[in-house]
Amino acid sequence: MSNEYSPSSLTELAKMLMQLDDLLVSCMRCGFCQSVCPVYGATFREADVTRGKIALLEDLAHELTADAENVNERLNRCLLCGSCETNCPSGVNIMDIYLRARAIVAGYKGLGTIKKLVFRFILPKPGLFNFLVKISSVFQKPFLKRANQKVGTSTAAVLNPFLGRRHIPSLPGKTFASANGSVMEPGRGGPMVALFPGCVPDKVFPGLAEASLKILRHHGAGIFCPTDELVCCGIPVLASGDVAAFDELTKRNLEALKKRPFDYLVTPCATCASNIKENWHRFKDRFSAEHQSLIEKIHSQTMDLTAFLVKVLKVDFQPSQNEGKIVTYHDPCHLKKSLGVSAEPRAILKSLPGLSFKEMPMADSCCGFGGSFSLFHYDLSKQIGQSKRDNIVKVSPEVVATSCPACMMQLMDIMSQNNDQVEVKHVAELYADTLN
Amino acid sequence: MTLSPNLILEFKTLLGENNVLTEETDRLAYAYDAAVLKPVTPALVVMPTSEETLGRTIKLAYDNGLPITVRGSGTNLSGAVIPEPGDGLVILTNRLNKILEINQEDLYAVVEPGVLTANFANAVAATGLFYPPDPGSQAVSTLGGNVALNAGGLRGLKYGVTKDYLMGVEFFDYNGELVKTGSRTVKCVTGYNIGGLMISSEGTLGVFSKLIFKLVPPPKASQAMMAVYDTVQGASETVAAIIAAHILPCTLEFLDQKCIRVVEANSKIGLPTEAAAILLIEVDGSHQAGVDEDAAKVKSLCTKCGANDIRVAQNADEKNKIWEARRNALPSLARARPTTVLEDATVPRSKIPQMVSELNRIAEKYKLEMGTFGHAGDGNLHPTILCDKRDEEEYRRVEEAVDEIFDVALKLQGTLSGEHGIGIAKAKWMEKETNKATIEFSKNLRRALDPKYLFNAGKKIV
Ligand SMILES: Cc1cc2nc3c(=O)[nH]c(=O)nc-3n(C[C@H](O)[C@H](O)[C@H](O)COP(=O)(O)OP(=O)(O)OC[C@H]3O[C@@H](n4cnc5c(N)ncnc54)[C@H](O)[C@@H]3O)c2cc1C
Ligand code: SF4
Ligand code: SF4
């Protein structure tokens, strides 16, 4: 790991955190973040909300506490959902603080061996990663028990140590990448789109990646999707503070993407979209001049698929009869709070024949997934997920739609755990089903 | 932390392991509130989850001589929940957050003290009734904190503040005994008006466990407008003229030039950046015709007092736009510099022009950036100083300026605080606003109700 983020003593750790002082000091301790933080909403503990976390980072920076271990633990009790930043009256750059602080503290503490193995060795190698997923999907069969037919989940006792008691989506036999290889199509006069499928659509929900491809094809867009070179967008490693792995993954993605000119980078994953648009840009100083200018370009070209359909392709989504199966929509934090996209997916849903759209209460409250948060704090994640689920079932839907595959995993788990007969779908899948 | 392991064990047995926070990391997160003051780390933090265990917590703490600070959401601006040094105990009320009853027939509600103000107001609105007090912090503040600080809000002029809605309180005294005062009836002369004493008690007299609030029917019609002035004098004369005409707008807010400019720079909503001040006015009532009549009168008074432009909201969207200016005042100011010192000195309404010109003089004298907004109808201004607390020299000037603001407010027959409370921040000024006898009387009262002086000892009256 580069030493700019690797303090070797507590004093040095404090010194590095002091570099964040200008960001930290703008928190005026108003406490307004309490009203939106899903973790605080579940625990009522101040150390779980941003005001408390900022105070703890300041204490560590000013050497008022030496307990880096515990501060780190509190820092990680966070979904990085961005709700606090969106609502902060003082405009504190909270995500900036968290990502940088996690990097500094992880540099001090070191990563666990398993994380290191996955982040540094498996994620940067698409071939190896796919191979492992394939093996898992073969091996899962004897170990998986069908949990909920409608939701499409299973439990895997053998995976409990890694996944908790999570009901997981049944892994497909073939990833999107292995089924399609790299895609390069000129299109029929539409803009050239770099399609970034994202790890979860590629490996867990290939149907979603296929749906995205089908939609882009249907609307005549050119498609550039170098699946054999694209790797993870880097959010899991960045969230764990592993900036070295983030550098490596980002570089690989940039090398893959620079090979063809494109007008837009489009992804069906809200988390990838916000990470590529915001975090690559946030950390752009870490890259070469060539990569920096590419990052600049990508920053303005990156869009979530639903927004791309509405805003760029200007698909005319006319409201349908609004009859049929009840569908409701969950706003992914990384779409609504990070990128301000919430009207577009609804416009699409409302246009689909055979579906009747009903807004659930608190549609934009976090589902509680938060990537590795849900692994290390499964009970908390589940508690937050349960309130989401309770709001979902209030409108008695047959389908709950969203625009982020990470949210889909969480929604599947909570619906399945509650034995609800509700399908979890991505907006793009529902739309693609209506196209011939 | 010097607390005995046995005592900690007793708290854990009483409240459950999870509701007793002993780790330094957790305690550090309760060392502050929203005031810009030095943090003090408590020795222990506890979260009672029922009325019964709240009472027993107090008894246990009091018997063992722990200084007690009750904390709602910690959003007060006067240091009222900064723990006491030494073995300070913080009691959190945020788990006591049940709305126990909303009575639509008799127009009252009973709540636990940790219910959030906005959640309560929304639940009341859902039954077709209205709970008017709306502090700027309502999305996070607790009703217990509102009562203990007599929180006001934008609707104060017509609808009053928290104290005007408190019908009854149940609270624990230092022995952990439950005291009941007030009732569910509009009229009640049973015993002393102890509820009145609990208003703005700042956690120094007892710990509320139940609050009874009055509810009112909501207004059915409203009209909002913005009036633009070349002089602060004109805005202030308007306020006086409106009240002299016996019209009580539900809201009558003031923004000075600095505020107008930062809001406009931040949110580009088309505010007049050359104006010296703007007034945001809303009248409401039960009939559209009556409201229209009041609005027309207010409009002509604005013109008479020198408003050079008046924008009347034609629809909900435009009304929202008008209030956006007020909503964005604090956020826009807060973004300008790292530290935001939000003051609360209040003067009689007629003294607003003098107060504003004094504030400008003070800002200039101490070379500070200051913006002023606030509840013009109540004479309650929020001069807001923008600075960087890390710059010691600058921060010293801020402290001197704040002292001078109080001096001026008192000279104008105003008060130290309209709604933010005394806490630690303004305790040293109390005698100056009142007199020695008042302080002694208050101390005697405290000693009688808190013989060991353990309830938030360093706050309010010291
Ligand atoms: C940005 C901002 C805007 C604000 N706007 C306004 C405004 O418009 N109007 C206004 O009036 N205030 C305003 N405030 C101040 C503050 O929000 C209010 O004073 C609010 O009432 C505090 O509520 P709280 O739950 O945070 O109480 P805390 O800060 O936790 O506590 C406040 C006091 O109440 C006591 N207390 C709490 N619970 C109990 C209990 N159960 N029994 C006994 N005592 C108790 C505490 O000991 C303390 O003395 C604002 C603050 C901020 C940061
Ligand atoms: S809302 Fe922003 S300024 Fe207020 S306490 Fe939270 S982080 Fe700090
Ligand atoms: S990012 Fe989300 S979970 Fe983390 S502190 Fe902010 S609101 Fe809470």
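First the proteins, then the strands, lettered A, B, ... as listed; each starts at 1.
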Using side-chain contact (heavy atoms from CB on, under 4.5 Å), reason through T25(B) and T65(A) one step at a time and then give a plain yes or no. CA-CA 8 Å; T25(B) 320; T65(A) 176; 5.5 Å; no

Mind ranking S141(B), S137(B), A34(B), S332(B) by heavy-atom pairs under 4.5 Å with chain A and telling me who comes out on top? A34(B)

dist R337(B):CZ -> S26(A):OG (nearest 0.5 Å) comes out at 12.5 Å

Quick one: of A139(B), S73(B), G74(B), who has the most non-hydrogen atom pairs under 4.5 Å with chain A? S73(B)

Are E46(A) and R27(B) close enough for a salt bridge, meaning some N to O gap below 4.0 Å? no

Looking at F44(A) and Y30(B), what are the two nearest heavy atoms and their distance? O-OH, 3.8 Å

Any side-chain heavy atom of M28(A) sitting closer than 4.5 Å to one from L330(B)? yes

Does some side-chain heavy atom of R45(A) sit less than 4.5 Å from a side-chain heavy atom of N18(B)? yes

Exercise: identify the closest heavy-atom pair between P89(A) and A334(B): O-CB, 4.3 Å

Quick check for you: among L56(A), V25(A), D59(A), which has the greatest number of heavy-atom pairs under 4.5 Å with chain B? V25(A)

Using heavy-atom distances under 4.5 Å, tell me whether R390(B) contacts chain A through its side chain, its backbone, both, or neither. side chain

Contact part of R95(B) toward chain A, heavy-atom cut-off under 4.5 Å: side chain, backbone, both or neither? side chain

Under a 4.5 Å heavy-atom cut-off, does chain B meet the side chain of D22(A), its backbone, both or neither? both

Does E359(A), at its CD atom, have more than 12 non-hydrogen atoms belonging to other residues, nucleotides or ligands within less than 6.0 Å? yes

As a quick check of understanding, evaluate side-chain contact (heavy atoms from CB on, under 4.5 Å) for Y40(A) and N94(B), giving each step before the final call. CA-CA 11 Å; Y40(A) 179 81; N94(B) 52 13; 3.0 Å; yes

More than 12 heavy atoms of other residues, nucleotides or ligands under 6.0 Å from CD of E399(B): is that the case? yes

Supply the atom-to-atom distance N70(A) CG to D26(B) CG, rounded to the nearest 0.5 angstrom. 7.5 Å

Can you give me the closest heavy-atom contact between T43(A) and M47(B), atom names plus distance? O-CE, 3.7 Å

Quick one: pull up CG in L28(B) and CG in L64(A) and give me the separation to the nearest 0.5 Å. 8.0 Å

Side chain, backbone, both or neither of D48(A) within contact of chain B (heavy atoms, under 4.5 Å): neither

Begin from the C-alpha positions of Q34(A) and T75(B) and carry the test side-chain contact (heavy atoms from CB on, under 4.5 Å) through to its verdict. CA-CA 10 Å; Q34(A) 293 172 84; T75(B) 66; 4.3 Å; yes

Shortest non-hydrogen separation from A29(B) to G52(A) and the atoms involved: CB-CA, 4.2 Å

Between D33(B) and R51(A) (salt bridge meaning N to carboxylate O under 4.0 Å), is one present in this structure? no

